[in-house]
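Bear in mind that the values here come from a model prediction, so they are computed numbers and not experimental data.
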Amino acid sequence: MTDKNYEKILKMSFASVYPHYITKAEKKGRTKAEVDEIIFWLTGYDAKALQEILNNKTNFEDFYTNAPKINPNASKITGVICGYRVEDIEDPLMQQIRYLDKLIDELANGKAMEKILRE
């Protein structure tokens, strides 16, 4: 990934991508509530904080940098997303972004929530 693309992703608002997460899940019979549960699990945000992030159009960099607590089990997320093995991504911020992409993919692919949340 080029530096230009990296910067573009970091500065993209979370609110611009969030509806795509929901659409991807709903197309496969999953729910917005499940998408939110995944976000809360990964980042430690709650519903009120997520709504503020969406309203304020917080960018991805700030979304993850200011996350209350990245789940310690996030390191158990493995596999390929966007052509990259998430466990091999060296930049912690990009790895967290791809973790969420991977979890939403798993949701859309019908994986059980307990498995998605690494319980």
Side-chain angles (χ1 to χ4, degrees):
M1 179 177 307
T2 66
D3 287 344
K4 190 175 179 183
N5 286 343
Y6 178 75
E7 284 300 315
K8 185 178 172 187
I9 291 169
L10 294 185
K11 298 305 175 199
M12 191 181 308
S13 81
F14 186 79
S16 70
V17 177
Y18 178 71
H20 298 287
Y21 293 146
I22 295 168
T23 300
K24 184 172 193 167
E26 288 178 343
K27 277 185 180 174
K28 299 291 188 159
R30 304 307 286 259
T31 66
K32 175 186 178 294
E34 289 174 309
V35 171
D36 289 351
E37 184 179 349
I38 288 169
I39 292 168
F40 303 156
W41 176 87
L42 180 62
T43 63
Y45 286 117
D46 60 19
K48 183 175 183 250
L50 178 59
Q51 193 55 56
E52 287 177 19
I53 286 161
L54 298 173
N55 292 345
N56 296 336
K57 298 194 178 350
T58 302
N59 66 35
F60 271 95
E61 183 174 18
D62 292 341
F63 177 80
Y64 285 102
T65 302
N66 298 325
K69 183 178 194 308
I70 297 298
N71 194 300
N73 285 336
S75 62
K76 294 180 180 178
I77 301 167
T78 59
V80 176
I81 190 77
C82 301
Y84 297 94
R85 282 212 146 270
V86 291
E87 62 270 28
D88 295 341
I89 297 172
E90 291 182 16
D91 182 88
L93 197 52
M94 186 52 64
Q95 187 175 51
Q96 291 165 3
I97 292 168
R98 295 304 183 202
Y99 278 160
L100 183 55
D101 291 342
K102 182 65 179 166
L103 296 175
I104 299 299
D105 261 15
E106 291 177 358
L107 180 68
N109 289 331
K111 201 169 196 182
M113 282 301 281
E114 310 82 66
K115 291 199 185 313
I116 294 170
L117 302 182
R118 303 330 195 236
E119 291 175 353

Please check if the side chain of [X] supplies one atom and the backbone of [Y] the other of a donor-acceptor pair under 3.5 Å.
| X | Y | result |
| --- | --- | --- |
| Gln96 | Leu93 | no |
| Glu87 | Gly79 | yes |
| Asp62 | Thr58 | no |
| Arg30 | Leu107 | yes |

Tyr45: what forms a ring pair (Phe, Tyr, Trp, His ring centres under 6.0 Å) with it, not counting sequence neighbours? Phe63
For Phe60, ring pair (Phe, Tyr, Trp, His ring centres under 6.0 Å) partners two or more places apart: Phe14
For side chain to side chain contact (heavy atoms under 4.5 Å, CB included), just list the numbers for Asp36 and Trp41, CA-CA rounded to whole Å, side-chain angles, deciding distance to a tenth of an Å, and then say yes or no. CA-CA 8 Å; Asp36 289 351; Trp41 176 87; over 6 Å; no
Calculate, to the nearest 0.5 Å, the distance between atoms [atom1] and [atom2] belonging to [X] and [Y] respectively.
| X | Y | atom1 | atom2 | answer |
| --- | --- | --- | --- | --- |
| Tyr84 | Glu90 | OH | CD | 12.0 Å |
| Ile53 | Ser13 | CD1 | OG | 11.5 Å |
| Glu7 | Ile9 | CD | CD1 | 10.0 Å |
| Ile116 | Leu42 | CD1 | CG | 12.5 Å |
| Phe40 | Asn71 | CZ | CG | 14.0 Å |
| Glu61 | Ile97 | CD | CD1 | 8.5 Å |

Sequence-distant partners of [X], salt bridge (Lys or Arg N to Asp or Glu O under 4.0 Å), two or more places apart:
| X | result |
| --- | --- |
| Lys57 | none |
| Lys28 | none |
| Lys76 | none |

Closest non-hydrogen atom pair between [X] and [Y], with its separation:
| X | Y | answer |
| --- | --- | --- |
| Gly44 | Pro68 | O-CG, 3.4 Å |
| Ile89 | Gln95 | O-NE2, 3.5 Å |
| Thr43 | Ala67 | O-CB, 3.5 Å |

Please determine if Asp105 and Lys102 form a salt bridge, counting it only when a charged side-chain N lies under 4.0 Å from a carboxylate O. no
Hey, which of Ile81, Val35, Ile22 is the one that makes side chain to side chain contact (heavy atoms under 4.5 Å, CB included) with Ile104? Val35
Could you name each residue pair satisfying side chain to side chain donor-acceptor pair (under 3.5 Å) that touches residues 108-119, not counting sequence neighbours? Glu106-Arg118
Should Met94 and Val80 be regarded as members of a common hydrophobic cluster, given that ILVMFWY residues are connected when their side-chain heavy atoms come within less than 4.5 Å of each other, either directly or indirectly? no
Audit row: Ile38, Tyr21, side chain to side chain contact (heavy atoms under 4.5 Å, CB included) steps and yes/no: CA-CA 11 Å; Ile38 288 169; Tyr21 293 146; over 6 Å; no
Would you check, one step at a time, whether the test side chain to side chain contact (heavy atoms under 4.5 Å, CB included) holds for Met12 with Val17? CA-CA 8 Å; Met12 191 181 308; Val17 177; 3.5 Å; yes
